[in-house]
J.: 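The structure follows.
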Amino acid sequence: MRSQRFFITLAFSFSLLAGRAQTAQFDITYNSVPPALVTAFDDADDIWSQLLMSSVPIKVNVSFYPLGANALGITFPNGRRDFPSAPYADTWYASALANSIAGVELNPGENDIDIFFSNGANWYTDTSGTPGAGQHDFVSVALHELGHGLGFVGLSKKVGNEGSFGLLQMADFFPLTTSFPWPELDTLPGIFDRFLSDQQDGPLAMMPNPSTLLGSAMTGNTLYFNGPIVMAMNGGQAPRIYAPGAFALGSSCVHLNESTYPVGNPNELMTPFSSAGSVNHDPGLICLWMLRDIGWNLAPGVGVDEVPPTASFSVFPNPADDVITLTAPERMQNEHLALLDAHGHIIRVVPSTNTMDVGDLAPGAYVLRVIGSAQHVRFIKA
Ligand SMILES: [Zn+2]
């Protein structure tokens, strides 16, 4: 969901998509949506259709609704799990993503995404990205909500001190109801949740569910997304996730952290708050790399514009149990390497010798980076 933030900022926009082809198709149903907003929504789904690849049309149901004081939009993705070729078992995928992975429609007759937009917000409905003071750019908010519908979302919930995955019910969002049957979530996490990791206590999906440990991790202000692709592409750093001290259903654990990616940052789109007067028509590379981590295929050329230099060395075997062998060209042999954990923290610094003992490392994703350089490789400790 996206909420209002009450200050005015300078507008910024991108022309990222000039000349791209559509590699995914959206079929939209509009329920009493004003024509000007239909045009603006089509602009937003056009942007996503040029970034992602799917052979199955993505069915979206758009409604206008009195959402209350500060909410601009809220999105419910349909879900599927344990479908043929699902990368992770016992894990929910947004049905639009599941369909793109499976290559067939797994939910015939059901929408993939329900989006409710506030019918009381001061919307800027033009697509040119020049809202007036106090106006919310509808294309930006629609792009954000579609991001959730495509899978940038989890199944976290906190009641009292107890956090959980997969205990969400439609009633938690009363009086809203989805156009598709609410899936029986069976206390299972979503694929997005599988990459959430607390700085101290590690992966959330490894914690008892439900539990106070999970609840604490969801509100500790130290939550990160340790997907191997976004980390490798982001110089070894896991992006920080919004997890304030007070859990906010629909905002906590399903957005990039507001203060890490403030207005003006190219990765601001998937933060929880929208500023009136600001414009962002680009999901940003971190969001796109996170979508790759959860299983999306990006359109050719998308998400590779700012690839850090690939390493001139490699690691073998990968995944590794006890010892890794580094293969490096001669000129690297006096370099030092930093071993980073899933949060981008340096665990140790080693000379770029031939082998390294990794037997003591906890299982998971790690990055080896040349000190003073963006060159790095990723490896998995089995
Ligand atoms: Zn949101």
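Counting convention: from 1, in listed order, for ligands and their atoms alike. The model shown is predicted, which means the values in this text are computed figures rather than measured ones.
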J.: What count do you get for protein N/O/S atoms less than 2.8 Å from the Zn ion (ligand 1)?
T.: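 Of the protein's nitrogen, oxygen and sulfur atoms, 5 lie under 2.8 Å from the Zn ion (ligand 1).
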J.: According to the interplanar angle, ranging from 0 to 90°, do the rings of Y93 and F83 count as parallel (below 30°), tilted (30 to 60°) or perpendicular (above 60°)?
T.: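 Y93 and F83: perpendicular rings.
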J.: Do K381 and D321 meet the salt-bridge criterion of a basic N to acidic O distance under 4.0 Å?
T.: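 No, no charged N to carboxylate O under 4.0 Å.
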J.: Just say parallel, tilted or perpendicular for the rings of Y88 and F195, cut-offs at 30° and 60°.
T.: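 Because their plane-to-plane angle is over 60°, the rings of Y88 and F195 count as perpendicular.
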J.: Run the salt-bridge test on R80 and E110 with the 4.0 Å N-O cut-off and return the result as yes or no.
T.: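 A salt bridge links R80 with E110.
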J.: Give me the ring orientation class for H255 and H148: parallel if the planes are under 30° apart, tilted from 30 to 60°, perpendicular past 60°.
T.: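 Plane angle over 60°, so perpendicular.
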J.: Would you say the ring centroid of F152 lies under 6.0 angstrom from that of F192?
T.: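 Under 6.0 Å, so yes.
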